[in-house]
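For reference, the structure is listed below as structure tokens.
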2 protein chains.
Amino acid sequence: MPPTVRRIPRPTAQRLSLYLREIQPLIAQGQPTLSSRELGEKLGLSSAQVRKDLAWVVQSRQASEAGRAGVGYNCVKMNESIRRVIGANRRWSTVLVGVGNIGRALLAYGGFAQDGFLISAIFDANPRMEGKRIGTLKVQPTSALRKAIRTHRVAIGILAVPRSAAQSVATQLCDAGIRGILNFAPMRISVTEGVSVTNIDVSVALEQLSMDVSIRDQMRLISEGAA
Amino acid sequence: MPPTVRRIPRPTAQRLSLYLREIQPLIAQGQPTLSSRELGEKLGLSSAQVRKDLAWVVQSRQASEAGRAGVGYNCVKMNESIRRVIGANRRWSTVLVGVGNIGRALLAYGGFAQDGFLISAIFDANPRMEGKRIGTLKVQPTSALRKAIRTHRVAIGILAVPRSAAQSVATQLCDAGIRGILNFAPMRISVTEGVSVTNIDVSVALEQLSMDVSIRDQMRLISEGAA
DNA sequence: GAATGTGAAAATATTCACAGCG
DNA sequence: CGCTGTGAATATTTTCACATTC
């Protein structure tokens, strides 16, 4: 047995998604290859970093589709390899719970299909929404979650309900056998062991941003003081 | 001069926002103190990690408001100290560009005010929206950005326009003197040197989540195979 | 006893730098 | 030459473990 196959590092995994975002438009406009330096420049990363990351893609599968010295990486092949490694090559069936503004924004944005994510059914905890049609889908009560998740083999639930309903719906999703939850509610949710959660919290993002701005301000003051 | 004051580490900064989210409800329900172990358990972190992070808060300001051995950290004071360190103690004036579904969701969510973020003015690139009132604010054309940013001393722009308009609006924000942009458009935007950007990209989040789910699946298969 | 604060050790992640290919 | 792939060197982050305080 080889010296224990290490798992793909978190930071690498995160960057791979970003690489996909950069590569895809290039493919669309027909660019055949891309060097680690070019890709790195677009994202503010060193070329060595990019090469190390892409080396993971090649190694983690036994695939041999590597870059070519003197040329760079084949865009199409690299796109496909990355998608396989991060599990974005298959289609993911999802359910959306909550058809308020966020939910409707997600439904209106057609871009997920291209990334392999399909919203199979939509739900709302509010009975007044029941039966309403949005696009091609009819809003169902959350009591129908279990059945929908089983029949569509849904792995991912998108939680776009108000904070007050979030934990209750999260529990229903877990009970119905969901495997991962994308949580838009501005709170941490508790889930069954084995269920993955990714949070999108605007306040956290704003705080991160304001901190960056603060730090830049301080540095500016210092350098101006020194000048 | 002390041996060069190191800047607060990125991962620490990110976790500090999460600590705030946990501490605030505890304050509301009157809990006086919190131990590093308790806080860590809520977030799946080691107590040592929490203590190291909080040590930064105490050190990075010369403040002496530390935890107390045998007791834990004073919730109220820790909340305030963290907010000061990450720049969330002051009020941030923001502008929102794009009053589609995402923009309206942000306006409808009242929780930012509590975190010190105020949406001072709203804009839309679509002239048909001009003059429309949403809540207490009137939609302005993006040509009015510069003036609004100057008069309200706005540091942060929230970019919630469709992909096709994102770069153009980002450029307008930069020209108008914005300091940071929270970008909801599913693309990387180019900005003037010195402007910070934080992206909220649902596809990236979904990919991250699906990758976690995939990895769990693989581990499950392996352990079942071994059993 | 229960907890903090913190050096020292371990683990991770990034950058360097260069051999070798196209 | 330009660029990949990768060990070795750094740098950063996390964990350990324990003296110290309440």
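A, B, ... follow the sequence lines: proteins, then strands. Residue 1 opens every chain. Just so it is clear, the model here is predicted, and its values are computed rather than measured.
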Requested in this report: Report, as a single string ordered 5' to 3', how protein heavy atoms within less than 4.0 Å touch nucleotides 11-20 of chain D: B base, S sugar-phosphate only, - not at all.
Outcome: --SSBBB---
Query - Basic-acidic side-chain contact under 4.0 Å: Asp212(B), Arg179(A) - result: no
Query raised in the report: dT4(C) C1' sits how many Å from Lys77(B) NZ, rounded?
Result: 16 Å
Query raised in the report: Rounded to the nearest Å, what distance is computed from the CD atom of residue Gln59(B) to the C1' atom of nucleotide dG7(C)?
Result: 12 Å
Report task. Quick one: closest heavy-atom pair of Arg83(A) and Gly116(A), and the distance? Result -> NH2-N, 4.3 Å
Requested in this report: Answer with yes or no whether the side chains of Thr198(A) and Gln208(B) bring together a donor and an acceptor at under 3.5 Å.
Outcome: no
Query raised in the report: Is there a side-chain contact between Asp115(B) and Gln24(B), using heavy atoms and a 4.5 Å cut-off?
Result: yes
Query raised in the report: Atom CZ of Arg37(B) to atom P of dG1(C): distance rounded to whole Å?
Result: 16 Å
Query raised in the report: About how many Å separate CD1 of Ile86(B) and CD1 of Ile215(A), when rounded to the nearest 0.5 Å?
Result: 10.5 Å
Query raised in the report: When the distance from CZ of Arg68(A) to P of dG22(C) is rounded to whole Å, what number comes out?
Result: 8 Å
Query raised in the report: Between atom CD in Glu41(A) and atom P in dC3(D), what is the gap in whole Å?
Result: 10 Å
Report task. In whole angstrom, give the distance that lies between atom CG of Asn74(A) and atom P of dC3(D). Result -> 16 Å
Report task. Would you please confirm or rule out a distance under 4.0 Å between OP1 or OP2 of dG5(C) and any side-chain N or O of Tyr73(B)? Result -> yes
**Report entry** side-chain hydrogen bond (donor to acceptor under 3.5 Å, both in side chains) partners of Ser93(B), counting only residues at least two apart
**Finding:** Ser120(B)
Report task. Take the protein atom CE of Met78(B) and the nucleotide atom P of dA3(C), then report the distance between them rounded to whole Å. Result -> 16 Å
Query raised in the report: Would Ser47(B) and Arg51(B) count as having a side-chain donor-acceptor pair, cut-off 3.5 Å?
Result: yes
Requested in this report: Verify, without hydrogens or angle tests, whether Arg188(A) (side chain) and Lys42(B) (backbone) share a donor-acceptor contact under 3.5 angstrom.
Outcome: yes
Report task. Look at the side chain of Ser36(A) and decide which nucleotide, out of dC22(D), dC3(D), dT4(D), has an atom nearest to it. Result -> dT4(D)
Report task. Using distance alone, with no hydrogens and no angle criterion, decide if Gln167(B) and Thr171(B) have a side-chain donor and acceptor under 3.5 Å apart. Result -> yes
**Report entry** Nucleic acid contacts of residues 19-31 of chain B, taken as heavy-atom distances under 4.0 Å to DNA chain D
**Finding:** none
Requested in this report: Calculate the interatomic distance between Gln14(A) atom CD and dT12(C) atom C1'; express it in whole Å.
Outcome: 14 Å
